[in-house]
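So you know, we letter chains A, B, ... as the sequences are listed, proteins then strands, and number each from 1.
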Amino acid sequence: MSKTIALSEQLTDLVRAVPGVIDVYSAEPALAKVVNAVVGMVSDDAGRTDRVRVSADDGGTAVAILLAVDEEASAADVCRRVHDAVEGYLTELASSSDSPTAVASISVTVGRIG
Amino acid sequence: MAMTPPNEPQVPDPQGVDVEPADLDGHTIEELSDYLERGQKPADATIDDSPGCQIALAAISRLRAVSRTFLESDARDEPDQGESWVSRILTNIGLDARAGRAIPVSHSAPTAHLTLTEGAVRGMIRAAGDTVDGVLIGRCHLDGDVTTPGEAVTIRVDASVFWGERMTQAAARVREAIYSALLKHTELSIAGIDVYIHDIYLSGTPLSGDVSDEIEKP
(Lines give C-alpha, C1' and ligand atoms only; values in the text may rest on other atoms or scores of the structure.)
Protein backbone atom coordinates (compact mmCIF):
# COMPACT_ATOMS: atom_id res chain seq x y z
CA MET A 1 0.00 0.00 0.00
CA SER A 2 1.41 3.39 -0.96
CA LYS A 3 1.92 6.13 1.62
CA THR A 4 -0.67 8.28 -0.14
CA ILE A 5 -3.36 5.59 -0.01
CA ALA A 6 -2.56 4.84 3.63
CA LEU A 7 -2.85 8.53 4.50
CA SER A 8 -6.10 8.77 2.56
CA GLU A 9 -7.55 5.89 4.57
CA GLN A 10 -6.46 7.48 7.84
CA LEU A 11 -7.96 10.83 6.85
CA THR A 12 -11.18 9.17 5.67
CA ASP A 13 -11.60 7.57 9.10
CA LEU A 14 -10.73 10.86 10.77
CA VAL A 15 -13.28 12.84 8.74
CA ARG A 16 -16.02 10.24 9.30
CA ALA A 17 -15.55 10.70 13.04
CA VAL A 18 -16.08 14.47 12.95
CA PRO A 19 -19.48 15.32 14.48
CA GLY A 20 -21.99 16.30 11.81
CA VAL A 21 -20.36 14.29 9.01
CA ILE A 22 -22.72 11.59 7.75
CA ASP A 23 -20.88 10.44 4.64
CA VAL A 24 -17.55 10.84 2.87
CA TYR A 25 -17.66 10.53 -0.90
CA SER A 26 -14.82 9.73 -3.20
CA ALA A 27 -13.16 13.01 -4.10
CA GLU A 28 -11.76 11.61 -7.32
CA PRO A 29 -12.77 13.11 -10.67
CA ALA A 30 -16.05 11.80 -12.08
CA LEU A 31 -14.34 9.80 -14.83
CA ALA A 32 -12.11 8.05 -12.33
CA LYS A 33 -15.18 7.18 -10.25
CA VAL A 34 -16.79 5.50 -13.24
CA VAL A 35 -13.62 3.57 -14.01
CA ASN A 36 -13.32 2.50 -10.38
CA ALA A 37 -16.95 1.44 -10.33
CA VAL A 38 -16.42 -0.71 -13.41
CA VAL A 39 -13.20 -2.16 -11.99
CA GLY A 40 -14.99 -2.66 -8.69
CA MET A 41 -17.46 -5.00 -10.38
CA VAL A 42 -14.68 -7.45 -11.12
CA SER A 43 -12.28 -6.90 -8.25
CA ASP A 44 -14.59 -6.30 -5.27
CA ASP A 45 -13.15 -2.82 -4.97
CA ALA A 46 -16.41 -1.12 -4.08
CA GLY A 47 -15.62 -0.87 -0.41
CA ARG A 48 -12.55 1.31 -0.81
CA THR A 49 -11.84 3.41 2.22
CA ASP A 50 -9.37 5.86 0.67
CA ARG A 51 -12.03 8.41 -0.17
CA VAL A 52 -10.07 11.51 0.70
CA ARG A 53 -7.87 12.61 -2.18
CA VAL A 54 -4.26 13.14 -1.17
CA SER A 55 -1.57 14.45 -3.46
CA ALA A 56 1.95 15.59 -2.71
CA ASP A 57 4.51 17.58 -4.64
CA ASP A 58 7.25 20.12 -3.91
CA GLY A 59 4.62 22.57 -2.65
CA GLY A 60 3.48 20.18 0.05
CA THR A 61 0.54 17.91 0.70
CA ALA A 62 -2.84 18.77 -0.78
CA VAL A 63 -6.00 17.17 0.54
CA ALA A 64 -9.49 17.23 -1.01
CA ILE A 65 -12.60 16.01 0.78
CA LEU A 66 -16.20 15.68 -0.45
CA LEU A 67 -18.77 14.99 2.23
CA ALA A 68 -22.39 14.97 3.35
CA VAL A 69 -23.46 16.81 6.48
CA ASP A 70 -26.23 16.04 8.93
CA GLU A 71 -29.19 18.39 8.61
CA GLU A 72 -29.09 18.99 12.36
CA ALA A 73 -25.54 20.39 12.23
CA SER A 74 -24.44 23.61 10.59
CA ALA A 75 -22.80 22.75 7.26
CA ALA A 76 -20.42 25.70 7.50
CA ASP A 77 -19.36 24.75 11.03
CA VAL A 78 -18.84 21.11 10.05
CA CYS A 79 -16.70 22.28 7.13
CA ARG A 80 -14.42 24.18 9.50
CA ARG A 81 -14.29 21.32 12.00
CA VAL A 82 -13.24 18.91 9.26
CA HIS A 83 -10.53 21.28 8.08
CA ASP A 84 -9.20 21.75 11.61
CA ALA A 85 -9.20 18.01 12.31
CA VAL A 86 -7.28 17.28 9.12
CA GLU A 87 -4.85 20.15 9.64
CA GLY A 88 -4.15 18.99 13.20
CA TYR A 89 -3.58 15.43 12.06
CA LEU A 90 -1.20 16.45 9.26
CA THR A 91 0.71 18.81 11.54
CA GLU A 92 1.15 16.09 14.12
CA LEU A 93 2.24 13.66 11.42
CA ALA A 94 4.81 16.14 10.13
CA SER A 95 6.21 16.78 13.59
CA SER A 96 6.95 13.11 14.09
CA SER A 97 8.42 12.62 10.63
CA ASP A 98 12.10 12.66 9.65
CA SER A 99 11.18 14.47 6.44
CA PRO A 100 8.16 16.65 7.29
CA THR A 101 5.93 17.85 4.47
CA ALA A 102 4.15 21.19 4.53
CA VAL A 103 0.38 21.38 4.17
CA ALA A 104 -0.29 23.06 0.81
CA SER A 105 -4.10 23.07 0.91
CA ILE A 106 -7.04 21.43 2.57
CA SER A 107 -10.16 21.56 0.43
CA VAL A 108 -13.45 20.61 2.05
CA THR A 109 -16.60 20.51 -0.09
CA VAL A 110 -20.07 19.82 1.27
CA GLY A 111 -21.93 18.06 -1.53
CA ARG A 112 -25.08 17.22 0.41
CA ILE A 113 -26.88 18.51 3.50
CA GLY A 114 -29.24 16.12 5.27
CA MET B 1 -39.16 42.70 -6.90
CA ALA B 2 -36.61 42.86 -9.70
CA MET B 3 -34.78 39.60 -10.25
CA THR B 4 -31.15 39.09 -11.01
CA PRO B 5 -30.81 36.55 -13.80
CA PRO B 6 -29.43 33.22 -12.61
CA ASN B 7 -25.68 33.15 -12.97
CA GLU B 8 -24.45 29.62 -13.25
CA PRO B 9 -20.96 29.36 -14.73
CA GLN B 10 -20.81 25.59 -14.71
CA VAL B 11 -17.15 25.21 -13.86
CA PRO B 12 -15.50 22.82 -11.48
CA ASP B 13 -13.77 24.11 -8.41
CA PRO B 14 -10.12 24.37 -9.54
CA GLN B 15 -8.61 23.97 -6.08
CA GLY B 16 -10.83 21.38 -4.62
CA VAL B 17 -12.98 18.43 -5.43
CA ASP B 18 -13.84 17.62 -9.02
CA VAL B 19 -17.59 17.62 -8.64
CA GLU B 20 -19.46 17.38 -11.91
CA PRO B 21 -21.33 20.69 -11.98
CA ALA B 22 -23.68 20.24 -14.89
CA ASP B 23 -25.22 16.83 -14.41
CA LEU B 24 -25.96 14.07 -11.94
CA ASP B 25 -22.64 12.25 -12.36
CA GLY B 26 -23.83 10.87 -15.68
CA HIS B 27 -27.28 9.72 -14.50
CA THR B 28 -30.70 10.95 -15.53
CA ILE B 29 -33.60 11.63 -13.21
CA GLU B 30 -35.47 8.74 -14.85
CA GLU B 31 -32.62 6.35 -14.00
CA LEU B 32 -32.66 7.53 -10.39
CA SER B 33 -36.42 7.16 -10.18
CA ASP B 34 -36.13 3.60 -11.50
CA TYR B 35 -33.32 2.90 -9.04
CA LEU B 36 -35.53 4.01 -6.18
CA GLU B 37 -38.37 1.92 -7.57
CA ARG B 38 -36.10 -1.15 -7.44
CA GLY B 39 -35.31 -0.51 -3.79
CA GLN B 40 -31.82 0.70 -4.80
CA LYS B 41 -30.86 -2.85 -5.75
CA PRO B 42 -28.57 -3.98 -7.11
CA ALA B 43 -26.40 -1.29 -5.54
CA ASP B 44 -24.87 1.12 -8.05
CA ALA B 45 -21.70 2.73 -6.71
CA THR B 46 -21.88 5.56 -9.25
CA ILE B 47 -25.24 6.57 -7.73
CA ASP B 48 -24.51 5.75 -4.11
CA ASP B 49 -21.24 7.71 -4.23
CA SER B 50 -22.74 10.78 -5.85
CA PRO B 51 -24.01 13.61 -3.60
CA GLY B 52 -26.14 14.96 -6.45
CA CYS B 53 -27.80 11.60 -6.99
CA GLN B 54 -28.41 11.25 -3.26
CA ILE B 55 -30.01 14.71 -3.10
CA ALA B 56 -32.25 13.79 -6.03
CA LEU B 57 -33.19 10.41 -4.51
CA ALA B 58 -34.22 12.06 -1.24
CA ALA B 59 -36.33 14.63 -3.11
CA ILE B 60 -37.98 11.94 -5.25
CA SER B 61 -38.84 9.98 -2.09
CA ARG B 62 -40.50 13.04 -0.57
CA LEU B 63 -42.38 13.74 -3.79
CA ARG B 64 -43.65 10.18 -3.90
CA ALA B 65 -44.79 10.25 -0.30
CA VAL B 66 -46.70 13.51 -0.78
CA SER B 67 -48.16 12.75 -4.17
CA ARG B 68 -49.13 9.10 -3.66
CA THR B 69 -52.73 9.88 -2.78
CA PHE B 70 -53.08 12.24 -5.69
CA LEU B 71 -51.44 9.88 -8.12
CA GLU B 72 -53.81 7.10 -7.14
CA SER B 73 -56.71 9.44 -7.75
CA ASP B 74 -55.27 10.54 -11.09
CA ALA B 75 -54.69 6.97 -12.18
CA ARG B 76 -58.43 6.44 -11.94
CA ASP B 77 -59.52 9.73 -13.42
CA GLU B 78 -56.94 11.51 -15.52
CA PRO B 79 -53.75 9.49 -15.77
CA ASP B 80 -52.02 11.85 -18.20
CA GLN B 81 -52.65 14.87 -16.01
CA GLY B 82 -51.18 13.30 -12.88
CA GLU B 83 -48.16 12.02 -14.73
CA SER B 84 -47.40 15.44 -16.21
CA TRP B 85 -47.12 17.43 -12.99
CA VAL B 86 -45.10 14.77 -11.25
CA SER B 87 -42.84 14.57 -14.29
CA ARG B 88 -42.39 18.32 -14.23
CA ILE B 89 -41.32 18.32 -10.59
CA LEU B 90 -39.05 15.31 -11.21
CA THR B 91 -37.31 17.21 -14.00
CA ASN B 92 -36.78 20.17 -11.68
CA ILE B 93 -35.39 17.92 -8.96
CA GLY B 94 -32.81 16.71 -11.45
CA LEU B 95 -31.86 20.24 -12.46
CA ASP B 96 -31.58 21.50 -8.88
CA ALA B 97 -29.47 18.58 -7.63
CA ARG B 98 -26.59 19.35 -10.01
CA ALA B 99 -23.53 20.54 -8.13
CA GLY B 100 -23.45 23.98 -9.78
CA ARG B 101 -21.34 26.76 -8.32
CA ALA B 102 -19.01 26.61 -5.32
CA ILE B 103 -20.30 28.66 -2.36
CA PRO B 104 -17.45 29.72 -0.07
CA VAL B 105 -17.25 29.13 3.69
CA SER B 106 -14.90 31.38 5.63
CA HIS B 107 -11.84 30.21 7.56
CA SER B 108 -8.80 32.11 8.80
CA ALA B 109 -6.25 29.45 7.78
CA PRO B 110 -4.49 30.21 4.48
CA THR B 111 -4.54 26.51 3.60
CA ALA B 112 -8.32 26.29 3.93
CA HIS B 113 -10.52 26.11 0.85
CA LEU B 114 -14.01 25.41 2.14
CA THR B 115 -17.16 25.36 0.01
CA LEU B 116 -20.74 24.16 -0.20
CA THR B 117 -21.93 23.10 -3.63
CA GLU B 118 -24.86 25.06 -4.98
CA GLY B 119 -26.62 21.72 -5.43
CA ALA B 120 -26.26 20.97 -1.72
CA VAL B 121 -27.78 24.34 -0.84
CA ARG B 122 -30.61 23.98 -3.37
CA GLY B 123 -31.30 20.50 -2.03
CA MET B 124 -31.39 21.86 1.51
CA ILE B 125 -33.77 24.66 0.43
CA ARG B 126 -36.04 22.16 -1.31
CA ALA B 127 -36.06 19.90 1.75
CA ALA B 128 -36.89 22.84 4.02
CA GLY B 129 -39.74 23.94 1.75
CA ASP B 130 -41.10 20.43 1.45
CA THR B 131 -41.47 20.23 5.23
CA VAL B 132 -44.31 22.75 5.02
CA ASP B 133 -47.67 20.96 4.97
CA GLY B 134 -49.58 21.23 1.72
CA VAL B 135 -46.63 22.57 -0.28
CA LEU B 136 -44.34 21.03 -2.87
CA ILE B 137 -41.25 22.85 -4.10
CA GLY B 138 -40.98 22.85 -7.87
CA ARG B 139 -37.79 24.73 -8.67
CA CYS B 140 -35.19 26.64 -6.71
CA HIS B 141 -32.81 29.35 -7.92
CA LEU B 142 -30.02 31.24 -6.21
CA ASP B 143 -29.89 34.58 -8.04
CA GLY B 144 -26.69 36.58 -7.65
CA ASP B 145 -23.00 35.87 -7.35
CA VAL B 146 -22.92 33.17 -4.68
CA THR B 147 -19.21 32.61 -5.26
CA THR B 148 -18.26 35.98 -3.75
CA PRO B 149 -18.59 36.33 0.04
CA GLY B 150 -21.00 39.07 1.11
CA GLU B 151 -22.67 39.50 -2.28
CA ALA B 152 -26.44 39.85 -2.01
CA VAL B 153 -28.27 36.71 -3.07
CA THR B 154 -31.97 36.34 -3.73
CA ILE B 155 -33.64 32.96 -3.36
CA ARG B 156 -36.37 32.27 -5.90
CA VAL B 157 -38.61 29.29 -5.30
CA ASP B 158 -41.42 27.94 -7.46
CA ALA B 159 -43.95 26.08 -5.35
CA SER B 160 -47.26 24.29 -5.63
CA VAL B 161 -49.92 24.23 -2.96
CA PHE B 162 -52.76 21.82 -2.41
CA TRP B 163 -56.36 22.90 -2.39
CA GLY B 164 -57.45 24.24 0.98
CA GLU B 165 -54.14 25.88 1.84
CA ARG B 166 -54.11 29.67 2.18
CA MET B 167 -51.49 30.79 -0.29
CA THR B 168 -50.14 33.77 1.63
CA GLN B 169 -49.73 31.78 4.82
CA ALA B 170 -48.27 28.80 2.99
CA ALA B 171 -45.75 31.07 1.26
CA ALA B 172 -44.83 32.68 4.58
CA ARG B 173 -44.21 29.27 6.16
CA VAL B 174 -42.04 28.25 3.18
CA ARG B 175 -40.06 31.45 3.49
CA GLU B 176 -39.52 30.99 7.23
CA ALA B 177 -38.38 27.39 6.81
CA ILE B 178 -35.97 28.31 4.02
CA TYR B 179 -34.56 31.37 5.76
CA SER B 180 -33.96 29.42 8.95
CA ALA B 181 -32.12 26.67 7.05
CA LEU B 182 -30.00 29.18 5.12
CA LEU B 183 -28.98 30.97 8.31
CA LYS B 184 -28.03 27.69 9.93
CA HIS B 185 -25.99 26.16 7.12
CA THR B 186 -24.57 28.97 4.97
CA GLU B 187 -22.89 32.36 5.14
CA LEU B 188 -24.89 33.75 2.23
CA SER B 189 -26.10 37.33 2.42
CA ILE B 190 -29.81 36.88 1.75
CA ALA B 191 -31.46 39.90 0.12
CA GLY B 192 -34.84 38.26 -0.24
CA ILE B 193 -36.78 35.05 -0.62
CA ASP B 194 -39.35 35.11 -3.40
CA VAL B 195 -41.97 32.36 -3.35
CA TYR B 196 -43.91 31.93 -6.58
CA ILE B 197 -46.95 29.70 -6.33
CA HIS B 198 -47.55 28.38 -9.81
CA ASP B 199 -50.09 25.63 -9.26
CA ILE B 200 -52.90 24.73 -6.95
CA TYR B 201 -53.64 21.04 -6.87
CA LEU B 202 -57.21 19.91 -6.52
CA SER B 203 -57.20 16.16 -6.05
CA GLY B 204 -54.13 15.86 -8.20
CA THR B 205 -55.25 18.18 -10.97
CA PRO B 206 -53.35 21.46 -11.16
CA LEU B 207 -55.38 24.60 -11.70
CA SER B 208 -53.50 26.60 -14.28
CA GLY B 209 -52.17 29.95 -13.21
CA ASP B 210 -49.16 31.85 -12.09
CA VAL B 211 -49.85 33.31 -8.69
CA SER B 212 -46.80 35.13 -7.42
CA ASP B 213 -46.29 35.73 -3.74
CA GLU B 214 -43.12 37.67 -3.26
CA ILE B 215 -41.67 38.00 0.16
CA GLU B 216 -39.38 40.92 0.76
CA LYS B 217 -36.11 40.98 2.60
CA PRO B 218 -36.32 39.18 5.94
> Please determine, among A:A73, A:G60, A:A75, A:A104, the option with the most heavy-atom pairs under 4.5 Å with chain B.
A:A75
> Any Lys/Arg nitrogen of A:R51 or B:D49 sitting under 4.0 Å from an Asp/Glu carboxylate oxygen of the other?
yes
> Using heavy-atom distances under 4.5 Å, tell me whether B:Q54 contacts chain A through its side chain, its backbone, both, or neither.
both
> Answer yes or no: is there a donor N or O on one side and an acceptor on the other, between the side chain of B:T148 and the main chain of B:E151, under 3.5 Å?
no
> Of the backbone (N, CA, C, O) and the side chain (C-beta and beyond), which part of A:A68 lies under 4.5 Å from a heavy atom of chain B, both, or neither?
neither
> Do any N or O atoms from the side chain of B:H141 and from the backbone of B:D96 form a donor-acceptor pair under 3.5 angstrom?
no
> Quick check against the 3.5 Å criterion: does B:K184 have a side-chain atom that pairs as donor or acceptor with the backbone of A:E72?
yes
> Which atoms of A:E71 are under 4.5 Å from chain B, going by heavy atoms: the side chain, the backbone, both sets, or neither?
both
> Using modelled atom types only, decide if a donor and an acceptor are shared between the side chain of B:R101 and the backbone of B:T147 within a distance under 3.5 Å.
no
> Quick one: which of A:D77, A:V82, A:D84 has the most heavy-atom pairs under 4.5 Å with chain B, could you say?
A:D84
> Look at B:S106, B:G119, B:A128 and state which one has the largest set of heavy-atom pairs under 4.5 Å with chain A.
B:S106
> Of all of B:A120, B:A58, B:P110, B:A43, which one pairs up most often with chain A through heavy atoms under 4.5 Å apart?
B:A120
> Could you check whether any side-chain N or O of B:R126 sits under 3.5 Å from a backbone N or O of B:G138, counting only pairs where one atom can act as donor and the other as acceptor?
yes
